[in-house]
Every structure is written in C-alpha cells, then in structure tokens.
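Remember, it's 1-based here, ligands and their atoms both numbered in the order they're listed. The first residue in the sequence is number 1, and the count goes up from there.
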Amino acid sequence: MNIVVFIKQVVATTNVKLDPETGTMIRDGVECILNPFDEYAVEEALRIKEKMGGKVTVVTMGPPQAKEIIRKTIGMGVDEGILISDRALAGSDTWATAYTLSQVLKKIGDYQLVITGKQAVDGDTAQVGPEVAACEGLPMIAWVRKIEEISETSIRAERLMEDGYDVLESPLPALISVVKEINEPRLESLRGKMKAKKYEPKVWGVADMPGFDVAQVGLKGSPTKVFKTFTPKRQYKGEMIAGDAAQAAATLVGKIKEMNIV
Ligand SMILES: Cc1cc2nc3c(=O)[nH]c(=O)nc-3n(C[C@H](O)[C@H](O)[C@H](O)COP(=O)(O)OP(=O)(O)OC[C@H]3O[C@@H](n4cnc5c(N)ncnc54)[C@H](O)[C@@H]3O)c2cc1C
C-alpha cells in the first residue's frame with residue numbers, strides 16, 4: 001500500500017502577530033513545528049505500512065525551512081519526503097494550495113491512500129483535504145477516528161460526529177483526514193534521528209509537475225481576497241469575582257447585564 005501524507009509547518013504559538021502595514025503573519029523569530037494533527041496522520045500511515053507493507057511519502061508545500069518537518073517524519077519512520085517550494089506559489093490560498101497538492105498526486109501516480117490532518121492549527125480552515133479530494137475526484141472520509149478495516153482496494157472507517165460516529169466504506173484510492181482520537185503518535189527513534197539528520201528531501205517546483213497551470217496559484221490565482229486582517233483589541237480588563245459559586249455567578253450575571261451585551 002503506497003500512502004501519501006500531507007504535512008504542514010505551522011507556527012508554534014497561538015499568539016500569532018500580524019504586521020499592521022501588510023496584514024501578513026510575522027514569522028521572523030517564531031518557532032515552527034509540524035502541525036500536531038499531521039503527526040496523527042503520519043502515525044496512522046506508518047501503522048498501515050507496518051501491517052500491509054508498502055511505502056509512506058510525506059509532502060509539504062512551504063518555504064525551504066519546511067524541510068525540518070520532513071526530517072522529523074523521517075525520524076518517525078517515513079520513507080520519503082517531498083518539499084514543494086516555488087516563488088510562483090507565494091500568496092496561495094487554500095484552493096491554490098489544494099490545486100498544487102493535487103498536481104503532486106498526479107505526478108506521484110501510484111498511491112492508494114492519502115491522509116491529511118483534520119486541520120492546520122494556524123490557518124485552521126480544514127479546507128485543504130476536502131479540496132484536494134475534489135480536485136482529484138477522490139472519495140473522502142473526513143474526521144476519521146478509527147480505521148476498522150483496510151485492504152488494497154477498500155477502507156472502512158469511523159468518522160467522528162458531534163453525537164457519536166458514522167461508519168463509512170470507500171473504495172481506494174481515497175483521501176481521509178484524521179482526528180487526534182485515532183492513535184498516539186510515536187516519538188522519533190534514535191536510529192531514525194540519525195537517518196533524518198543526513199536526509200535530503202526531494203524539492204519540486206511548479207516546472208517539475210507536468211501540466212501545472214501557474215495561473216491557478218499565487219496571489220493572482222487565488223479566489224480568496226483578503227481585505228483586512230488585524231488582531232482584535234482587548235476590550236475589557238480581567239477581574240476576579242470573590243464569594244462562593246452561587247454568589248459569584250449572581251455577581252457575574254449582574255455585570256454582564258450592566259455591559260448591555262446580551
Ligand atoms: C489570500 C491568501 C494568501 C495566502 N498567502 C500565503 C503565503 O504567501 N504563504 C503561506 O504560507 N500561506 C499563505 N496563505 C495561507 C495558506 O493558504 C494556508 O495556510 C494553506 O492553504 C493551508 O490552509 P490551512 O492552514 O487552513 O490548512 P487546513 O486546510 O486547516 O489543513 C488541513 C490539512 O491539509 C494539509 N495541508 C494544509 N496545508 C498544507 C501545506 N502547505 N502542505 C501540505 N499539506 C498541507 C495538512 O494535512 C493539514 O492538516 C494565504 C491564504 C490566503 C487566503
């Protein structure tokens with residue numbers, strides 16, 4: 001079973017700062033990590049490979065520094081990593097990102113399963129997985145919390161819902177996105193870390209993907225237009241409310257009413 005896992009490098013903070021002039025995210029001096037949901041995606045791919053054989057390939061679209069997250073997954077046991085990096089991709093929205101990743105799938109060709117995380121913890125849209133599936137005409141199962149059965153030609157999985165779960169079956173190739181309930185990601189092994197240190201991922205630009213239409217990527221090719229981005233100003237100061245729970249709740253209700261916001 002050949003599995004492709006899409007992974008994203010994200011900033012290691014929830015305190016994202018925006019440049020007030022340009023409205024873009026300030027990345028300088030901010031530590032970057034592998035998107036936590038993508039660790040579960042990698043772990044699940046490795047477990048399937050251990051059971052069925054085959055190969056796990058990770059793919060990330062990002063700047064050259066994103067090689068670091070590829071190396072991390074090599075340390076976990078991934079076979080191959082591909083970095084998609086090209087100036088033509090700068091300013092791409094989720095649709096342009098998904099178009100690019102779908103072109104990567106076309107070039108890889110021989111795969112049975114694609115796994116993504118539920119969402120990236122910075123962009124937070126959860127759009128890229130479903131959009132890649134739409135671009136490639138692949139069946140998709142979102143929010144997978146357990147793979148019940150998998151063969152070379154089909155998959156049966158539990159999809160997490162607010163009030164329980166659905167069981168869905170799909171032919172392969174297919175794309176699934178996974179939630180953190182699915183497994184416990186392994187740490188990198190010592191041997192894996194040694195291998196990762198020396199590992200050089202493949203780097204592809206748009207010219208490496210036959211038929212790639214650059215008009216569909218970058219700021220110009222992105223259907224999303226961002227008019228304004230800003231960090232909301234904190235309106236109120238924090239205040240400790242003393243007393244037992246019932247008294248404190250009554251005081252709080254009074255304060256909310258005074259604010260005239262409900
Ligand atoms: C107009 C516009 C311009 C933008 N310009 C830039 C820019 O110049 N530079 C920039 O870095 N971002 C840019 N972005 C943000 C970028 O489009 C998103 O970060 C990206 O498309 C992923 O969306 P998300 O973070 O919501 O991921 P989600 O959809 O929440 O991610 C779900 C899953 O998809 C996979 N995935 C997501 N992104 C990637 C990726 N890049 N590579 C591999 N797998 C992935 C992962 O498995 C992830 O768990 C821009 C966004 C907009 C709207």
Side-chain angles (χ1 to χ4, degrees), residues 3-12 14 16 18-19 22-28 30 32-45 56-70 72-73 78 81-105 107-108 113-136 138 140-144 175-180 182 185 201-206 209 216-229:
I3 307 169
V4 178
V5 185
F6 288 134
I7 60 171
K8 187 185 177 195
Q9 191 180 44
V10 296
V11 292
T14 48
V16 173
L18 297 170
D19 183 325
T22 61
T24 55
M25 200 193 292
I26 299 170
R27 291 170 194 266
D28 290 349
V30 182
C32 288
I33 54 167
L34 171 62
N35 178 38
F37 287 109
D38 301 349
E39 280 193 45
Y40 298 92
V42 170
E43 175 62 34
E44 201 57 26
V56 177
T57 305
V58 293
V59 177
T60 188
M61 170 175 151
Q65 308 87 277
K67 282 183 184 174
E68 278 319 303
I69 57 163
I70 292 181
K72 180 184 167 71
T73 64
V78 160
I82 306 169
L83 169 68
I84 310 301
S85 211
D86 198 305
R87 282 188 181 279
L89 300 169
S92 293
D93 67 0
T94 64
W95 181 254
T97 304
Y99 169 77
T100 306
L101 297 177
S102 75
Q103 298 306 302
V104 177
L105 288 180
K107 176 153 172 159
I108 292 176
L113 185 65
V114 182
I115 312 184
T116 73
K118 169 173 89 95
Q119 68 197 80
V121 297
D122 54 359
D124 245 357
T125 66
Q127 289 174 358
V128 170
E131 286 171 343
V132 173
C135 286
E136 281 308 278
L138 290 171
M140 177 184 183
I141 308 178
W143 290 46
V144 171
L175 187 149
I176 64 170
S177 74
V178 300
V179 293
K180 63 183 172 50
I182 195 164
K202 284 185 182 163
V203 181
W204 292 353
V206 294
M209 290 175 269
Q216 301 216 34
V217 297
L219 207 53
K220 274 196 182 156
S222 295
T224 317
K225 301 292 168 227
V226 180
F227 292 102
K228 190 179 173 189
T229 49

Worksheet item: Is a donor on one side and an acceptor on the other found under 3.5 Å between the side chain of T60 and the backbone of I7?
Response: yes

Practice prompt. Kindly check if the number of other-residue, nucleotide or ligand heavy atoms within 6.0 Å of NZ (K220) is above 12?
Written response: no

Discussion item. If the condition is salt bridge (charged side-chain N to carboxylate O under 4.0 Å, His left out), which residues does K72 pass it with, not counting sequence neighbours?
Written reply: E188

Fill in: Partner residues of D122 under the salt bridge (charged side-chain N to carboxylate O under 4.0 Å, His left out) criterion, sequence neighbours left out
K8

Discussion item. For a quick check: using heavy atoms under 4.0 Å, what are the residues in contact with ligand 1, sorted by chain and number?
Written reply: F6, I7, K8, R27, N35, D38, V59, T60, M61, A90, G91, S92, D93, T94, T97, L101, T116, G117, Q119, A120, D122, G123, D124, T125, A126, Q127, V128, T224, V226

Item to complete: Apply ring-ring contact (aromatic ring centres under 6.0 Å, His included) to F37 and list each qualifying residue two or more places apart in sequence or on a separate chain.
Response: none

Item to complete: Identify which one of D38, D124, N35 satisfies the side chain to side chain donor-acceptor pair (under 3.5 Å) criterion when paired with Q119.
Response: D124

